[in-house]
Visitor: 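Encoded as C-alpha cells, here's the structure I'll be asking about.
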Amino acid sequence: MSNTVSEDWGKNMSSDEDVAAVSRHTHFIGKKENMIRARRVVKSVGERDVLVIYHQGDFHAIDVRCYHSGGPLQEGDIEDFDGRTCIVCPWHKYKITLAEGEGLYQAVDPSVKPLKPTWCSKGIKQRVHTVTVSNEDVFLTLNDSPGPIDSDYYQTEKYRNTFLKEGQKKKK
C-alpha cells in the first residue's frame, strides 16, 4: 500500500459498498492547511500510533516508533540518501524511507578498491500508511497488509504498557 496523496479520493469507487468499506478504515486526521503548518502530527488511530509528515509538498504516514528500538521518529531529521527521502531515528540514526518503510544502510565491497560505500536496503521494516486529501481534509488509511513488519512490535499492548511504566518511573 502506498502512502501517496490523492486529491480525488473516492472518485473511482465502483459502488456505495466500496465507499463504505474504505470509509470504515479511513480516519480524519486534520485540515490540510493545519497539517502543512504543523509539518508533523502524531495521532492514535485504532490501535496504532502514527506519525503524519508533510515534507516538500507530499504527505507521508508511518508508525511513530522506530522498528529498531522504539525511538520517537517524530523527533528525527528528514534527509535524502541516494535520492530517497528518509527519516533518521534520533536514538541510533537508523534511516527509514518515507515512501516504503525500508531500512537503509551503507555497505562496502572489500574486494573493490578504493572502497566505495553504497546504499542498500534491509527490506521493509517500518509500516507506512496511506494519506489522502479530499476537500482540504486529510485522511489516513491504516496499512493492514498481512504479515508482520518489524515496527508492529512497538504497536503492541505489551510495549505500550512497558513504555508507560518507564515514563512514569522517570517522572518520580
Side-chain angles (χ1 to χ4, degrees), residues 1-7 9 22-105 119 121-134 136-167 170:
M1 197 178 277
S2 72
N3 60 340
T4 58
V5 176
S6 172
E7 294 288 343
W9 176 78
V22 170
S23 299
R24 281 194 301 273
H25 303 291
T26 302
H27 307 272
F28 174 76
I29 298 299
K31 291 301 222 178
K32 182 179 177 182
E33 177 182 325
N34 295 340
M35 299 293 293
I36 290 171
R37 194 172 331 142
R39 299 260 184 232
R40 297 179 191 201
V41 176
V42 175
K43 292 283 186 173
S44 291
V45 179
E47 295 294 315
R48 299 195 88 80
D49 295 328
V50 177
L51 172 61
V52 180
I53 300 168
Y54 181 78
H55 179 72
Q56 295 183 344
D58 292 320
F59 284 100
H60 304 274
I62 60 175
D63 285 351
V64 71
R65 292 179 196 90
C66 178
Y67 72 90
H68 171 244
S69 289
L73 292 179
Q74 72 272 21
E75 297 172 13
D77 291 332
I78 297 177
E79 300 179 33
D80 281 349
F81 296 96
D82 200 29
R84 301 176 75 187
T85 304
C86 298
I87 191 155
V88 180
C89 180
W91 284 4
H92 302 108
K93 307 304 179 207
Y94 276 56
K95 286 116 179 98
I96 303 162
T97 63
L98 290 177
E100 300 88 12
E102 285 182 275
L104 298 183
Y105 67 99
W119 287 101
S121 172
K122 297 176 185 178
I124 305 294
K125 299 293 187 176
Q126 195 78 20
R127 194 171 291 271
V128 296
H129 308 282
T130 303
V131 178
T132 312
V133 178
S134 178
E136 301 302 310
D137 291 333
V138 178
F139 296 91
L140 176 78
T141 304
L142 293 175
N143 173 346
D144 60 358
S145 60
I149 295 176
D150 291 9
S151 66
D152 292 346
Y153 174 77
Y154 296 101
Q155 297 290 338
T156 63
E157 184 177 341
K158 175 184 174 185
Y159 177 76
R160 286 179 173 193
N161 287 341
T162 300
F163 183 73
L164 289 173
K165 288 177 187 173
E166 288 176 3
K170 289 178 183 176

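Just so you know, residue 1 is the first one in the sequence shown, and it goes up from there. As a basis for the values below, the full set of heavy atoms in this structure was taken, side chains included, without hydrogen atoms, waters or symmetry mates. These numbers come from a predicted model, not from an experiment.
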Visitor: Flag the pair Asp137 / Lys31 as yes when at least one side-chain heavy-atom distance between them is below 4.5 Å, and no otherwise.
Guide: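 Yes, side chains in contact.
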Visitor: Taking Arg127's backbone N and O only, do any of them form a donor-acceptor pair with Ser151's side chain (distance below 3.5 Å, no angle check)?
Guide: yes
Visitor: Can you check side-chain contact (heavy atoms from CB on, under 4.5 Å) on Gln155 and Asp49, steps first, answer last?
Guide: CA-CA 7 Å; Gln155 297 290 338; Asp49 295 328; 4.1 Å; yes
Visitor: Sequence neighbours excluded, which residues qualify as ring-ring contact (aromatic ring centres under 6.0 Å, His included) partners of Phe28?
Guide: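 ring-ring contact (aromatic ring centres under 6.0 Å, His included) check on Phe28 returns Phe139.
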Visitor: Got a second to check how far Asp63's CG is from Asn143's CG, nearest 0.5 Å?
Guide: 8.5 Å
Visitor: Could you tell me which non-hydrogen atom of Ala61 sits nearest to which non-hydrogen atom of Val50, and how far apart they are?
Guide: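 Closest heavy-atom pair between Ala61 and Val50: CB-CG1, 4.0 Å.
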Visitor: Under the side chain to side chain donor-acceptor pair (under 3.5 Å) test, which residues partner Lys95, sequence neighbours left out?
Guide: none
Visitor: Could you tell me the separation between the NE2 atom of His129 and the OG1 atom of Thr141, rounded to the nearest 0.5 Å?
Guide: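 So the NE2 of His129 and the OG1 of Thr141 are separated by 10.5 Å.
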Visitor: Leu98 and side-chain contact (heavy atoms from CB on, under 4.5 Å): which partner among Leu51, Asp58, Ile53?
Guide: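 When Leu51, Asp58, Ile53 are each tested with Leu98, the side-chain contact (heavy atoms from CB on, under 4.5 Å) holds only for Ile53.
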Visitor: Mind listing the closest non-hydrogen atom pair of Val128 and Ala99 along with its distance?
Guide: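 Answer, listing the atom of Val128 first, then Ala99: CG2-O, 3.9 Å.
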Visitor: Start with the C-alpha gap between Thr130 and Thr132, add the side-chain angles, then the distance that decides, and say whether side-chain contact (heavy atoms from CB on, under 4.5 Å) holds.
Guide: CA-CA 6 Å; Thr130 303; Thr132 312; 3.9 Å; yes
Visitor: Is Ser69 reaching over with its side chain to a backbone N or O of Gly71, donor-acceptor style, under 3.5 angstrom?
Guide: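 No, the answer is negative, given that no donor and acceptor are paired below the 3.5 Å cut-off.
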Visitor: Output yes when a side-chain donor or acceptor of Arg65 lies under 3.5 Å from a complementary backbone atom of Tyr154, and no otherwise.
Guide: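 Flag set: sc Arg65 to bb Tyr154 pair under 3.5 Å.
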Visitor: Would you give me the side-chain donor-acceptor pairs under 3.5 Å for residues 74-87, sequence neighbours excluded?
Guide:
from: Asp80; atom 1: OD1; to: Thr85; atom 2: OG1; distance (Å): 2.9
from: Arg84; atom 1: NH1; to: Glu102; atom 2: OE1; distance (Å): 3.4
from: Arg84; atom 1: NH2; to: Glu100; atom 2: OE1; distance (Å): 3.0
from: Arg84; atom 1: NH2; to: Glu102; atom 2: OE1; distance (Å): 2.1

Visitor: Determine whether Pro148 and Tyr153 make a side-chain contact, defined as any pair of heavy atoms from C-beta on separated by less than 4.5 Å.
Guide: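 No, every pair of side-chain atoms sits at 4.5 Å or beyond.
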Visitor: Donor-acceptor pair, distance only, cut-off 3.5 Å: does the side chain of His27 make one with the backbone of Leu140?
Guide: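 Such a contact is absent between His27 side chain and Leu140 backbone.
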Visitor: Please tell me if the side chains of Leu73 and Ile62 come closer than 4.5 Å, counting only heavy atoms from C-beta onward.
Guide: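 A side-chain contact under 4.5 Å exists here.
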Visitor: For a side-chain contact (heavy atoms from CB on, under 4.5 Å) check, start with the C-alpha distance between Arg48 and Leu142, then their side-chain angles and the critical distance, and finish with the verdict.
Guide: CA-CA 9 Å; Arg48 299 195 88 80; Leu142 293 175; 4.0 Å; yes
Visitor: Just to verify, what does Tyr94 make a ring-ring contact (aromatic ring centres under 6.0 Å, His included) with, not counting sequence neighbours?
Guide: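 By the ring-ring contact (aromatic ring centres under 6.0 Å, His included) rule, Tyr94 matches Tyr67, His68.
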Visitor: With sequence neighbours excluded, what pairs up with Lys93 under the salt bridge (Lys or Arg N to Asp or Glu O under 4.0 Å) test?
Guide: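 Counting only residues at least two positions away or on another chain, Lys93 forms no salt bridge (Lys or Arg N to Asp or Glu O under 4.0 Å).
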Visitor: For the pair His60 and Val131, evaluate side-chain contact (heavy atoms from CB on, under 4.5 Å) and give the outcome as yes or no after the intermediate values.
Guide: CA-CA 6 Å; His60 304 274; Val131 178; 5.9 Å; no
Visitor: Please assess Lys125 against Asp152 for the test salt bridge (charged side-chain N to carboxylate O under 4.0 Å, His left out), listing each intermediate value before the final yes or no.
Guide: CA-CA 9 Å; Lys125 299 293 187 176; Asp152 292 346; over 6 Å; no
Visitor: The criterion is side chain to side chain donor-acceptor pair (under 3.5 Å); which residues satisfy it with Glu33, sequence neighbours excluded?
Guide: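 Side chain to side chain donor-acceptor pair (under 3.5 Å) list for Glu33, sorted by chain: Arg37.
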